[in-house]
Enquirer: 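If you scroll down you'll find the structure; I have some questions about it.
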Amino acid sequence: MLKFIFFVLFLIPSSFILNYWVITSLLFLGSFLFFLEGFMTFSFCNMGYYLGEDVLSYGLILLSFWICCLMLLASGSVYKTNNFSLLFVLVNLFLLLFLMLTFMSSSLFMFYFFFESSLIPTFFLILGWGYQPERVQAGIYLLFYTLFASLPLLISIFNVYSIFDTLNIYMFFSLNSYDFSLFMYIALVFAFLVKMPMFIFHLWLPKAHVEAPVSGSMILAGVLLKLGGYGLLRVFNFLYHLGVKMNFYWVGLSLVGGVIVSLICLRQVDLKSLIAYSSVAHMGIVLGGLMTLSYWGLSGAYTLMIAHGLCSSGMFCLANISYERLGSRSLLINKGLMNFMPSMALWWFLLSSANMAAPPTLNLLGEISLLNSIVSWSWITMFGLCLLSFFSAAYTLYLYSYSQHGKIFSSLYSCNMGYYREYLLLFLHWVPLNILILKVDLFFNWL
């Protein structure tokens, strides 16, 4: 495990002398080796006092590695236009390092430290390589939403230490659940709810996505939203009793919020904004499943987090491919793409069907187990889940049919093809999304 941290650390000085594509290739090699180490040997007993790795963190570290590789692959225009490409690689490598250390941390304080540190490279990505002047406002939104919720979390972590005399995440399994006050419970959970983001605290996400470059959108959707879910999975070990009393509010809010956000999706005209709001709807159902505190719910939430990371990142890549050709993200201009880029229509179809949880994608597995957990928790939730599933399919069909069909915008070229790099990028998003369903026990044997 430490060897992969050193691998990324030594890539940072190497980026000054090596080419952009060499660094990308080395990162792909590192992610492949990390995959082999866990997948073939199943050596998930690498527990230390400060750094540790179990199945839950393994999946999310692998996702971080993979998405960071694909970010560099997607940002070919940064290298082509020489838009501070060395700085761009450095920011990406630091972000990967912070994410790896976040998921590897055994100490709750170290987890908090790296959890907040990952915000800094993301902020620089949005400010440095974003498109519009509004990116400054979007960056400040992102910063203040996250920092507003993080101070109570820090205070509550110190309080946990004064009660338990340890901050080791793996020690909380052996401790009896302590009866925390309501303030402590909300302080411990609130930062993760903002990061997910939960409905009501989600306004920073569409703003950040719309102003971020493609790499910023990919890492935001792919990994940074998963930090909230991962944090909740970790702190529920010692919040179980109070969580059982409080979860009614969270499940209700997440389902109602998911339906409202799905309706908001149906009236978006910006490609990126639509995909960003769909992330909020998906995270709503993940939060609902998490709050049931059942085996099906926790496993389904973990599965859907991995699936959504790959699927949503791929959708942002497609939106960026269209944006690079047409110079606009508006659905009014991105019409008739089936005529303009016929070879991309298949990828739009494949990733759109994954977004609405069609078989045989990992999204389907996650959504089935989440439906199972939420309905078994209370049958009343069926009404919210029916609407959520229906509108999820509705806004995905709206996105696909509106962008691919219709009369082509008159000022465009007659036809355009993708680059090999772009096909490889989309292929590498889609394949794990459909192949991992053959290895279901990875997602259901971690508890």
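In what follows, every heavy atom counts, from backbone to side chain, and hydrogens, waters and symmetry copies are set aside.
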Enquirer: Can you name the closest pair of heavy atoms from Cys311 and Leu351 and give their distance?
Expert: SG-O, 3.7 Å
Enquirer: With the side chain counted from C-beta on, respond yes when Ser392 and His282 share a heavy-atom pair under 4.5 Å apart, and no when they do not.
Expert: yes
Enquirer: With a 4.5 Å cut-off on side-chain heavy atoms, are Arg234 and Phe192 touching?
Expert: no
Enquirer: Is the distance between the ring centroids of Tyr58 and Phe103 less than 6.0 Å?
Expert: no
Enquirer: Are Phe109 and Val160 packed together at the side-chain level, in the sense that at least one heavy-atom pair is separated by less than 4.5 angstrom?
Expert: no
Enquirer: Looking at Tyr145 and Leu205, would you say the former's side chain and the latter's main chain have a donor-acceptor pair under 3.5 Å?
Expert: no
Enquirer: Determine whether Glu211 and Val136 make a side-chain contact, defined as any pair of heavy atoms from C-beta on separated by less than 4.5 Å.
Expert: no
Enquirer: Quick check on the 6.0 Å ring-centre criterion: do Tyr395 and Tyr277 meet it?
Expert: no
Enquirer: Scan residues 92-116 for pairs that pass side-chain hydrogen bond (donor to acceptor under 3.5 Å, both in side chains), counting only residues two or more places apart or in two chains.
Expert: none
Enquirer: Can you name the salt bridge (charged side-chain N to carboxylate O under 4.0 Å, His left out) partners of Lys3, sequence neighbours left out?
Expert: Glu37
Enquirer: With sequence neighbours excluded, give me every salt bridge (charged side-chain N to carboxylate O under 4.0 Å, His left out) pair touching residues 253-270.
Expert: Asp270-Arg329
Enquirer: Quick one: does Ser369's side chain have a donor or acceptor within less than 3.5 Å of a partner on Leu365's backbone?
Expert: yes
